[in-house]
Amino acid sequence: MRFTESLRQATTESWGQSLNHPFVQGIVRGDLPLDTFKFYILQDIYYLKHFGKVHAIAASQAEDFQVAGMLAEKAKMTAEAELTVHHEHAELLNITDEDMNQFKPAPTAYAYTSHLYRAALSGQLSQTVAAMLPCYWLYADIGKTNQDAKPGQTIYQNWINMYADNWFQTSTQEQMDLLDQLAEEASDKEKEKIKEQFVIAKEYELAFWEMAYTKEEWLSAKSSTV
């Protein structure tokens, strides 16, 4: 069994809940309120900024120059994706400059990106890649699983198509292959740390859907509205 397959098995419950979460299914059906999706997109832009930076850190951790180059390219692609997401959805979702200037990350978005940096601070490329992989893998799975969906909303159709596309599926497979390769060279103790980084990140992926679906706020913000 490939190491990444064992990670997938270790997150079976979380994975199933992610695929079937009301947020995802609302996109697939096309009935997710656009203001909920707007909340998600703003949080995702924040996440992608840090996701790209963590790729750059991972590139600096790679001893193999080809691996470093691949990760650096992915950092560049992530930054470009962030700009594309913003420009393509800004008009459809009425995302204004004021929205961007006043944006504050929700607790889960802040915690998830913090987890990525914590993994990177280990100094081990394997742990950094493990923390990043659930974001690739889950989205690729959602895209592939729902590639024939017809949500009836252009913005949701484009979202599904992006992750179902061959380029994203290939990029995901590259990350999986890299982690499998790194795991082959890791000790049993290191493999446990790799697994922990992956499992926690996968839990945050599920929490990210819930955060968006409920428009999560900081507790003090909730108290001020009572």
Side-chain angles (χ1 to χ4, degrees), residues 1-19 21 43-44 46-64 66-75 77-79 81-82 105-142 163 168-169 171-212 216:
M1 177 188 295
R2 287 167 58 117
F3 183 70
T4 50
E5 290 177 7
S6 70
L7 297 180
R8 177 65 179 78
Q9 286 188 358
T11 55
T12 298
E13 181 62 30
S14 172
W15 211 280
Q17 289 185 34
S18 294
L19 291 175
H21 193 278
Q43 299 294 329
D44 198 44
Y46 167 83
Y47 174 86
L48 287 173
K49 287 179 180 178
H50 295 285
F51 196 57
K53 290 178 181 179
V54 174
H55 275 79
I57 296 172
S60 73
Q61 293 172 337
E63 295 182 5
D64 185 292
Q66 287 188 328
V67 172
M70 179 189 76
L71 290 167
E73 179 63 22
K74 288 185 185 296
M77 289 173 62
T78 300
E82 176 207 331
T108 294
Y110 187 85
Y112 189 1
T113 54
S114 297
H115 171 64
L116 296 178
Y117 284 118
R118 180 167 182 160
L121 281 172
S122 71
Q124 299 297 315
L125 177 61
S126 56
Q127 292 190 46
T128 309
V129 172
M132 295 191 297
L133 182 55
C135 183
Y136 279 96
W137 198 351
L138 178 64
Y139 277 71
D141 199 7
I142 289 172
Y163 299 117
F168 191 80
Q169 297 290 324
S171 185
T172 299
Q173 189 61 55
E174 288 173 348
Q175 291 291 84
M176 294 169 65
D177 291 344
L178 173 58
L179 188 56
D180 281 326
Q181 176 187 336
L182 294 170
E184 287 181 1
E185 304 165 2
S187 65
D188 289 343
K189 184 177 181 180
E190 175 66 14
K191 286 178 182 178
E192 283 302 310
K193 293 180 179 179
I194 294 170
K195 179 181 177 180
E196 181 181 35
Q197 300 291 8
F198 181 91
V199 170
I200 292 174
K202 176 60 204 67
E203 289 294 337
Y204 274 124
E205 281 294 328
L206 174 57
F208 209 90
W209 299 140
E210 186 69 12
M211 170 204 71
E216 182 186 58

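Values in this document were obtained by computation on a predicted structure and should not be read as measured data. Side chains included, hydrogens not; waters and symmetry mates left out as well; all remaining heavy atoms used.
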Check whether [X] reaches the backbone of [Y] with its side chain - one donor and one acceptor, N or O, closer than 3.5 Å.
| X | Y | result |
| --- | --- | --- |
| Ser187 | Glu190 | yes |
| Gln43 | Pro105 | no |
| Asp180 | Arg2 | no |
| Gln197 | Thr128 | no |

Could you check whether [Y] and [X], counting side-chain N and O atoms only, form a donor-acceptor pair closer than 3.5 Å?
| X | Y | value |
| --- | --- | --- |
| Glu216 | Thr108 | yes |
| Gln17 | Glu13 | yes |
| Gln169 | Tyr163 | no |
| Ser122 | Lys193 | no |
| His115 | Tyr204 | no |

Tyr47 and Phe208 aromatic ring geometry - parallel, tilted or perpendicular at 30°/60° bounds: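 Because their plane-to-plane angle is over 60°, the rings of Phe208 and Tyr47 count as perpendicular.
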
Enclosure of Lys191 NZ (heavy-atom neighbours >12, cutoff 6.0 Å):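 Buried by this count: over 12 neighbours within 6.0 Å.
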
Other residues, nucleotides, ligands: >12 heavy atoms within 6.0 Å of Tyr139 OH: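 Correct, the count exceeds 12.
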
Intermediate values then yes/no, side chain to side chain donor-acceptor pair (under 3.5 Å), Asp177 and Gln173: CA-CA 6 Å; Asp177 291 344; Gln173 189 61 55; 2.9 Å; yes

Asp44/Lys49 ion pair, N-O < 4.0 Å: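 Between Lys49 and Asp44 there is no salt bridge, as every charged N stays at least 4.0 Å from the carboxylate O atoms.
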
